[in-house]
Amino acid sequence: MLTVLLNAINIKVDDPVAFTFFIGYMAMLASSVFFFVERGSVQGKWKLSLLISALITGIAAVHYYYMRDYYLATGLTPTALRYIDWTLTVPLMCVEFYLLTKAAGAQFSLLIKLIVASVWMLVTGYIGEAFTHGDATQIALWGAISSIGYVYVLYTAWAGEVAQLAAKSGDATVIRGIRALAWFVLVGWAIYPIGYMCMEGGWLNTGLGWQASSIDLFYNIADAINKIGFGLVVYNIAVSSPKTEAA
Ligand SMILES: *C/C=C(C)/C=C/C=C(C)/C=C/C1=C(C)CCCC1(C)C
């Protein structure tokens, strides 16, 4: 039964990469509808945050639609589409951090710093994936340069400005929410460099012999966890924070 269905949509049962592209598309689309509809039922001050969550999963859904097609047609990793998706959605995740801490005094400069760090991480990561042609030294070098941006976001969320502002807000829901998002950055985002190291010439590929095609498996699973998970944390903050008259 499942085989017939998967054949009909041109996905082989023994191809988990194709399967996760397919499921990823559905999950992103469904989440986007959910966040967009729920936006109507939360307090005014959270509506923009929910819209951003819907945009993150919505943008990803469109990219998954094309990435799945690309992968099925060529069997190759859709590197460019992947990085276009991330370059749009990761800065939007920075916007979520900014919006959640704005009431506690977050400055626009915090948002700019987070966006610069994440774009740094993605541009240098893209160079590492697209232009190194299996050269192990180059891959490791660009991976390390990219990680500087990652560590900056990680630091900001756990101990830097975002964490300090959350503490200052005095709102237990926001404090818990920011801590949950920081966990996503620590654990969920760490899945990406693992995927990166699976590419031809990466440490896990040459060192442990992991399959080069697993790069997409890691990225697809990480995207679902991080994009939908982030959105659900924000949604949870919105529905459980104390009601304020002015909002
Ligand atoms: C929705 C997409 C998200 C949250 C993407 C996050 C991507 C990363 C955290 C990527 C990190 C990388 C490194 C830290 C080093 C190697 C290259 C990257 C770009 C895979």
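Nothing fancy with the numbering, it's 1 onward along the sequence. Ligands are counted one by one from 1 in listed order, and the atoms in each one are counted from 1 as well. FYI, side chains are in, hydrogens and waters are out, and symmetry mates aren't considered; it's all heavy atoms of this structure. These figures come from a predicted structure and were not determined experimentally.
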If you count the atoms of ligand 1 from 1 in the order shown, which ones are under 4.0 Å from a heavy atom of [X]?
X: K227; value: 1 (C), 2 (C), 3 (C)
X: V90; value: 2 (C), 3 (C), 4 (C), 5 (C)
X: G143; value: 15 (C)
X: W189; value: 4 (C), 9 (C)
X: D223; value: 1 (C), 2 (C)
X: T89; value: 1 (C)

> Does a donor on one side chain and an acceptor on the other come within less than 3.5 Å for T173 and D171?
Replying inline: yes

> Judged by modelled atom types alone, do Y192 and D223 share a side-chain donor-acceptor pair under 3.5 Å?
Replying inline: yes

> So which protein heavy atom does atom 12 (C) of ligand 1 come closest to, and at what separation?
Replying inline: S146 OG, 3.7 Å

> Considering only protein heavy atoms, which is closest to atom 9 (C) of ligand 1, and at what distance to one decimal place?
Replying inline: M121 CE, 3.4 Å

> Tell me, do F36 and T57 make a side-chain contact under 4.5 Å, heavy atoms counted?
Replying inline: no

Heavy atoms from other residues, nucleotides or ligands near [atom1] of [X] exceed 12 (cutoff 6.0 Å):
X: Y66; atom1: OH; answer: no
X: K102; atom1: NZ; answer: no
X: Y70; atom1: OH; answer: yes

>> My understanding is that only one of T77, T87, D216 makes a side chain to side chain donor-acceptor pair (under 3.5 Å) with R82; could you say which?
In response: D216

> Where the closest heavy atom to atom 19 (C) of ligand 1 is concerned, which of Y83, F230, W142 has it?
Replying inline: Y83

> Which option, W86, F184, Y192, Y219, owns the non-hydrogen atom nearest atom 4 (C) of ligand 1?
Replying inline: Y192

> Sub-3.5 Å donor-acceptor pair from the side chain of W158 to the main-chain atoms of A182, do we have one?
Replying inline: yes

> For ligand 1, does M93 get within less than 4.0 Å through its side chain, its backbone, both, or neither, judged by non-hydrogen atoms?
Replying inline: side chain

